[in-house]
Novice: 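Below is a structure I'd like to ask you about.
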Protein chains: 2
Amino acid sequence: MGYCRLMAVDRDHVLRSAADLLTRKATATMDEVARAAGISRATLHRQFAGRDALVRALEAHGIAACGAALDAARTEEGTAADAVRRLVAAIEPHAGLLAFLYTENQLFEGEEQNAGWTELDERVAALFRRGQESGEFRLDLTPAWLTEALYGLLASGAWAVSEGRLARNDLTHMIVELLLGGALRRETS
Amino acid sequence: MGYCRLMAVDRDHVLRSAADLLTRKATATMDEVARAAGISRATLHRQFAGRDALVRALEAHGIAACGAALDAARTEEGTAADAVRRLVAAIEPHAGLLAFLYTENQLFEGEEQNAGWTELDERVAALFRRGQESGEFRLDLTPAWLTEALYGLLASGAWAVSEGRLARNDLTHMIVELLLGGALRRETS
DNA sequence: CCCATGTGAGACAGTGATGTCTCATCCGGG
DNA sequence: CCCGGATGAGACATCACTGTCTCACATGGG
């Protein structure tokens, strides 16, 4: 019947519009999410058991997108700086979703977080560590902090864009240049 | 009677513990806030008409703290880079509160934000602009973006500290060095 | 000592969101 | 043509939080 394929398509569409809306208004209601997706609350509830399930699906989606971005950026190849540039360029389209998930994780204390994040953190940190070992990056900023800073700048950038304080086209450049400018070892004056 | 002074002291104590708690768990209940402050929900409600009033009081507190930090940092004196160092050092103690307020502002769409923020934004941006005009800072990163990035790094840093991924003592250094490393014009190679 | 003030404990209704349900409708395939 | 599956609309109970209230207590000053 292929109804599975159709449901998957719808599911993706719902996830996409939910990400869009929740980026702008993190406290959006299930009803608002449904309306934003052009479906009824009942149908939304048929596809996602509840708000938790929706958020967890968004989380899985975001983790997958980050993983794909890390793959696409080929973080093992070339200079670490160029790899960071490719990585930010690849992740930037999902900055809004990331910003939502980033704060959502801060919203609750304790509450074990999805293990996928740990792995992503490790892959990103490994990139910064490689840059340190190759002599490109400063040693006084830890890979863990640079990773955290990358998330923070992505989130700040996404919000600045959504509030019109920053041009979407400049987002990648602004993030990369600020991050790398700090992470790159400065010429020994 | 002096009961005004006493109430003010209690109020500050409540604000402080509320800031502490809300930094870790932004969705904390009025009951949790009260318990964290060691008072009953009734008393909390007597001091702050409601959750909105509490958040707005925290916002005013945060704005005042930032304003004081800007004053204390004497952002008009010396090199812009040193001024940024002083500013971050002065603001860092309030990073947790700032992180809470920063996301709280993103939580709702529309909802005019407190005018105090605009003024603070302007003062911070002016500092970065001064650095650009004096030739210290790069011109391709706009003052508005640098301002936003400062907030983002403060928030990221505060969370990283509260989750044990970053030592509190390193916070200022990590933020300043990453931010300035990017904002400082690099030596013409 | 007595009283006033501030407080804690708890009851209470109101509110908004959630999750579940039913039912009418629509649409595509047999 | 008819029927099964999916949908939208809406009713409904539930739940957590809020904001308001009352009452008992205890603490400190007159």
Side-chain angles (χ1 to χ4, degrees), chain A residues 1-60 100-101 103-104 106-111, chain B residues 1-60 100-101 103-104 106-111:
Chain A
M1 308 207 179
Y3 75 100
C4 284
R5 274 231 335 263
L6 285 175
M7 280 185 61
V9 167
D10 275 342
R11 199 183 138 96
D12 268 22
H13 166 70
V14 171
L15 278 178
R16 239 184 301 276
S17 34
D20 261 17
L21 174 59
L22 291 173
T23 295
R24 297 194 308 273
K25 185 180 176 183
T27 58
T29 298
M30 288 295 273
D31 197 88
E32 297 175 289
V33 171
R35 205 159 312 186
I39 62 177
S40 73
R41 197 165 68 94
T43 302
L44 174 62
H45 225 279
R46 281 179 196 116
Q47 293 187 330
F48 300 95
R51 190 171 219 283
D52 279 5
L54 175 62
V55 171
R56 269 187 280 116
L58 279 171
E59 192 172 39
F100 165 68
L101 295 173
T103 58
E104 193 75 7
Q106 317 291 345
L107 229 52
F108 311 95
E109 62 179 350
E111 305 248 351
Chain B
M1 310 205 179
Y3 74 102
C4 283
R5 276 235 329 267
L6 285 175
M7 280 184 62
V9 167
D10 275 343
R11 200 183 137 96
D12 268 21
H13 166 70
V14 171
L15 278 179
R16 240 184 300 276
S17 34
D20 261 17
L21 174 59
L22 291 173
T23 295
R24 297 195 308 274
K25 184 178 176 185
T27 57
T29 298
M30 288 295 273
D31 196 87
E32 296 174 289
V33 172
R35 204 158 314 189
I39 62 177
S40 73
R41 197 165 69 92
T43 302
L44 175 60
H45 226 279
R46 282 179 195 116
Q47 294 186 329
F48 300 95
R51 191 171 218 285
D52 279 5
L54 174 62
V55 172
R56 268 186 282 115
L58 280 170
E59 192 173 38
F100 165 67
L101 297 172
T103 58
E104 192 77 7
Q106 316 292 344
L107 230 53
F108 312 95
E109 62 180 350
E111 304 248 353

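Each chain gets a letter, A, B and so on, in the order the sequences are listed, and its residues count up from 1.
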Novice: Could you check whether any side-chain N or O of H45(A) sits under 3.5 Å from a backbone N or O of A49(A), counting only pairs where one atom can act as donor and the other as acceptor?
Specialist: yes

Novice: Under the 3.5 angstrom rule, does the side chain of T43(B) hit a backbone N or O of I39(B) as a donor-acceptor pair?
Specialist: no

Novice: Drop me the distance from D20(A)'s CG to F100(A)'s CZ, to the nearest 0.5 angstrom.
Specialist: 12.0 Å

Novice: From R35(B) CZ over to S17(B) OG, what is the distance, rounded to the nearest 0.5 angstrom?
Specialist: 13.5 Å

Novice: Anything under 3.5 Å between a donor and an acceptor, one on a side chain of residues 51-60 of chain A, the other on a protein residue two or more places apart or in another chain? List them.
Specialist:
residue: R51(A); atom: NH2; partner: A28(A); partner atom: O; Å: 2.4
residue: E59(A); atom: OE2; partner: W117(A); partner atom: NE1; Å: 2.9

Novice: Send over the distance from R46(B) CZ to dT5(C) P, rounded to a whole Å.
Specialist: 14 Å

Novice: Checking the side chain of E32(B) only, and the main-chain atoms of T29(B) only, is there a donor and an acceptor separated by less than 3.5 Å?
Specialist: yes

Novice: Could you tell me whether the side chain of M30(A) reaches within less than 4.5 Å of the side chain of L44(A), counting heavy atoms only?
Specialist: yes

Novice: Give, for atom CG of L15(B) and atom CD of Q47(B), the distance between the pair rounded to the nearest 0.5 Å.
Specialist: 8.5 Å

Novice: Using C1' atoms of five pairs at each end, report the bend of the helix from dC1(C)-dG30(D) to dG30(C)-dC1(D) rounded to 10 degrees.
Specialist: 0°

Novice: Rounded to whole Å, how long is the line connecting atom CG of D10(B) with atom P of dT7(C)?
Specialist: 6 Å

Novice: Please work out which residues in residues 29-45 of chain B have a non-hydrogen atom less than 4.0 Å from an atom of DNA chain D and list them by number.
Specialist: T29(B), M30(B), R41(B), H45(B)

